[in-house]
Amino acid sequence: MADVFAPFVAALEDREAAARAHKAQGGKVVGYLTNTSPTELIAAAGAFPLQLAAGAEATPLGDRYMEDLFDPIVRAVFEGLLAGRYDFVDAVVLPRTSDSVQRLYYYLCEIRRMGEASVPEPLLFDLLHTPWYSSAEYSFSRITELKAALERATGTAVTDAALTTEIIAANTRRAAMRGLVALRRAGRVSGVQANQVFAAKGAMAGADFDAALAAVLAAPGPVSEAPRLVIAGSPLDTPALHALVEAAAGRVVGDFHEFGEPMIGPDVEAAPDPLRALLAHYHRDVASSRTFPQSPRSLVDFARACGAAGVIFNFYAEEEALTWEYPAQRRALEAEGIATLCFEGQPHRADGAALAAPLADFIGKLMAKVAA
């Protein structure tokens, strides 16, 4: 039987392949970072939206310019940009919803100004994540500026009709991804498999992703009865931690971070003004590390919806925002009878030698509690 997850694995093994093919056919490619980049707007400008991702762990070129305390994914992307990995990319959208991503914008501007390397044009999306009317109006001006910048970069005018078409396509994709979430919560898709789908979404052409996900939804796997766990914290664009959890007889049924369910969000109501509707979605409905105010209840509700017995927090050594929320989140979860385990100071790719024993102990205790 064919492996329905093979297209996602292949996309992750060569993340730039589809975008390069689009470029070779005369198309434009716009890179982006974080789930607060409006990919519908990029696509409406006629470009392939490519989510830039970490490559090699070593960053000798980036180390010349960048301080140590940068998100490791951002640091690796900077390395790739300096090394020419993205020499086919026409521009890069960088939202200010992450401190590291915002600073990357400034670094790239300086690199270009000084002529230190040939890097794509950086485009700042100055999206505010405070829930005020004034923030929404400010951000609408900024997405209007981003639209104009994308039109200049691609040579294609963004019409309301084109943007509405891309919003409808994205809504259809969100519905399919909710189907994937339902299968995972039913124990019929593993955490590793779900992470592969989430991480590959930004590397595949929309139609190819849709077809591959439809095949997954049509062939759910057998039900797993393993202890149900949620992973929260720093964004995980690889399934290394998921694989360790599942090797220890656990099951990851939810991801409360950028490369998980939070990337889906509700549908966008395009009418009557598709650009304003798109801004409302990214301002109101897509969380980031700069969302204010934040409530620990959102994670509790998410864990409950997943039927999770425990939540595993994983924070990069460079994490400087999400760790502030952890104490309140832990207390709220434990008050609801949901166990927690926290890994702080972690590298980008989970270290099996360091994490295997505490994971086995944590999951073993959950299993013993169920058996008692």
Side-chain angles (χ1 to χ4, degrees), residues 8 11 15-16 18-19 22-23 27-53 73 77 86 89-98 101 105 120-127 129 139 142-151 153-154 156 158-178 197-210 212-213 235 237 258-270 274-288:
F8 306 107
R15 289 191 59 92
E16 290 84 51
H22 181 81
K23 183 75 171 186
K28 298 289 186 177
V29 177
V30 172
Y32 70 93
L33 281 173
T34 87
N35 58 353
T36 54
S37 288
T39 54
E40 299 93 334
L41 184 58
I42 295 171
F48 185 111
L50 173 65
Q51 186 164 24
L52 308 186
I73 295 176
V77 166
Y86 300 112
V89 173
D90 296 285
V92 180
V93 175
L94 301 169
R96 72 171 298 276
T97 49
S98 158
V101 173
Y105 167 77
E121 179 185 5
L123 305 177
L124 181 67
F125 179 30
D126 194 7
L127 174 65
H129 258 177
S139 296
R142 303 293 80 75
I143 200 172
T144 301
E145 292 173 353
L146 177 62
K147 171 177 171 286
L150 287 168
E151 290 173 333
T154 64
T156 300
V158 177
T159 64
D160 283 357
L163 185 54
T164 298
T165 297
E166 295 301 335
I167 288 173
I168 292 170
N171 285 343
T172 301
R173 199 161 295 130
R174 289 185 183 99
M177 294 185 74
R178 291 185 200 110
V197 175
F198 283 124
K201 176 176 175 288
M204 298 174 70
D208 293 339
F209 179 85
D210 296 342
L213 184 50
D237 61 348
E258 184 180 317
F259 284 91
E261 284 85 335
M263 77 158 51
I264 302 172
D267 288 352
V268 178
E269 296 292 339
L275 187 62
R276 191 169 284 277
L278 192 65
L279 183 278
H281 173 76
Y282 285 99
H283 173 247
R284 181 186 61 211
D285 297 328
V286 181
S288 76

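Throughout, numbering of the chain's residues begins at 1 and tracks the sequence. If you're wondering where the values come from, they're calculated on a predicted model, not measured in any experiment.
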**Student:** Regarding Glu269 and Arg284, does a basic nitrogen lie under 4.0 Å from an acidic carboxylate oxygen?
**Tutor:** no
**Student:** The test is side chain to side chain contact (heavy atoms under 4.5 Å, CB included); show your working for Arg15 and Gln51 and say whether it passes.
**Tutor:** CA-CA 9 Å; Arg15 289 191 59 92; Gln51 186 164 24; 3.8 Å; yes
**Student:** Quick one: does any side-chain atom of Asn171 pair with a main-chain N or O of Val268 as donor and acceptor, under 3.5 Å?
**Tutor:**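 Yes; judged by distance alone, with no hydrogens or angles, the pair exists.
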**Student:** Provide the closest heavy-atom pair for Arg178 versus Asp267 in the form atom of the first, atom of the second, distance.
**Tutor:**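 Closest heavy-atom pair between Arg178 and Asp267: NH2-OD1, 2.9 Å.
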**Student:** Please check: side-chain N/O of Thr154 versus main-chain N/O of Ala45, any donor-acceptor pairing under 3.5 Å?
**Tutor:**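 A pair under 3.5 Å: yes.
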**Student:** Report the C-alpha distance between Asp210 and Thr172 in whole Å, list the side-chain angles of each, state the deciding distance to 0.1 Å, and finish with yes or no for side chain to side chain contact (heavy atoms under 4.5 Å, CB included).
**Tutor:** CA-CA 9 Å; Asp210 296 342; Thr172 301; 5.8 Å; no
**Student:** Do any N or O atoms from the side chain of Asp90 and from the backbone of Val29 form a donor-acceptor pair under 3.5 angstrom?
**Tutor:** yes
**Student:** Once rounded to the nearest 0.5 Å, what's the spacing between atom CG of Leu278 and atom CG of Leu163?
**Tutor:**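 Taking CG in Leu278 and CG in Leu163, the distance rounds to 5.5 Å.
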**Student:** Nearest 0.5 Å, please: how far is OG1 in Thr97 from CG in Asp126?
**Tutor:** 10.0 Å
**Student:** Please walk me through it: do Met204 and Phe8 pass side chain to side chain contact (heavy atoms under 4.5 Å, CB included)?
**Tutor:** CA-CA 8 Å; Met204 298 174 70; Phe8 306 107; 3.7 Å; yes
**Student:** Hey, what do you get for CG (Leu127) to OG (Ser37), rounding to the nearest 0.5 Å?
**Tutor:** 9.5 Å
**Student:** Give the minimum heavy-atom separation between Pro122 and Leu94, together with the two atoms involved.
**Tutor:** CB-CD1, 4.2 Å
**Student:** Mind listing the closest non-hydrogen atom pair of Tyr282 and Thr39 along with its distance?
**Tutor:** OH-N, 3.7 Å
**Student:** Minimum heavy-atom separation for Pro235 to Ile73, with atom names?
**Tutor:** O-CD1, 3.9 Å
**Student:** Side chains of Thr144 and Leu279: closer than 4.5 Å at any heavy-atom pair?
**Tutor:**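 Not in contact.
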**Student:** Of all heavy-atom pairs between Ala287 and Thr36, which one has the smallest distance, and what is that distance?
**Tutor:**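 For Ala287 versus Thr36, the nearest heavy atoms are O-CG2, 4.2 Å.
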**Student:** Would a distance-only check, ignoring hydrogens and angles, find a side-chain to backbone donor-acceptor pair under 3.5 Å from Arg96 to Val101?
**Tutor:**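 Not confirmed, Arg96 side chain does not pair with Val101 backbone.
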**Student:** Could you check if a side-chain atom of Glu16 sits within less than 4.5 angstrom of a side-chain atom of Tyr86, using non-hydrogen atoms only?
**Tutor:** yes
**Student:** Might you point out which heavy atoms bring Thr34 and Ser98 nearest each other, and give the distance in Å?
**Tutor:** CG2-CB, 4.5 Å
**Student:** Where do Tyr105 and Val92 land on the side chain to side chain contact (heavy atoms under 4.5 Å, CB included) test, with the steps shown first?
**Tutor:** CA-CA 9 Å; Tyr105 167 77; Val92 180; over 6 Å; no
**Student:** How far does CG of Leu50 sit from OH of Tyr32, to the nearest 0.5 angstrom?
**Tutor:** 7.5 Å
**Student:** First locate atom OG1 of Thr156, then atom CG of Leu150, and finally report the distance between them rounded to the nearest 0.5 Å.
**Tutor:** 10.5 Å
**Student:** Apply side-chain hydrogen bond (donor to acceptor under 3.5 Å, both in side chains) to residues His129 and Ser288 and explain how you reach the verdict.
**Tutor:** CA-CA 8 Å; His129 258 177; Ser288 76; 2.7 Å; yes
**Student:** For the atom pair CE (Met263) and CD (Glu261), what is the distance rounded to the nearest 0.5 Å?
**Tutor:** 9.5 Å
**Student:** Glu40 and Arg174: salt bridge (charged side-chain N to carboxylate O under 4.0 Å, His left out), yes or no, with the steps?
**Tutor:** CA-CA 12 Å; Glu40 299 93 334; Arg174 289 185 183 99; 2.7 Å; yes
**Student:** Is Arg142 reaching over with its side chain to a backbone N or O of Phe125, donor-acceptor style, under 3.5 angstrom?
**Tutor:**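 Absent.
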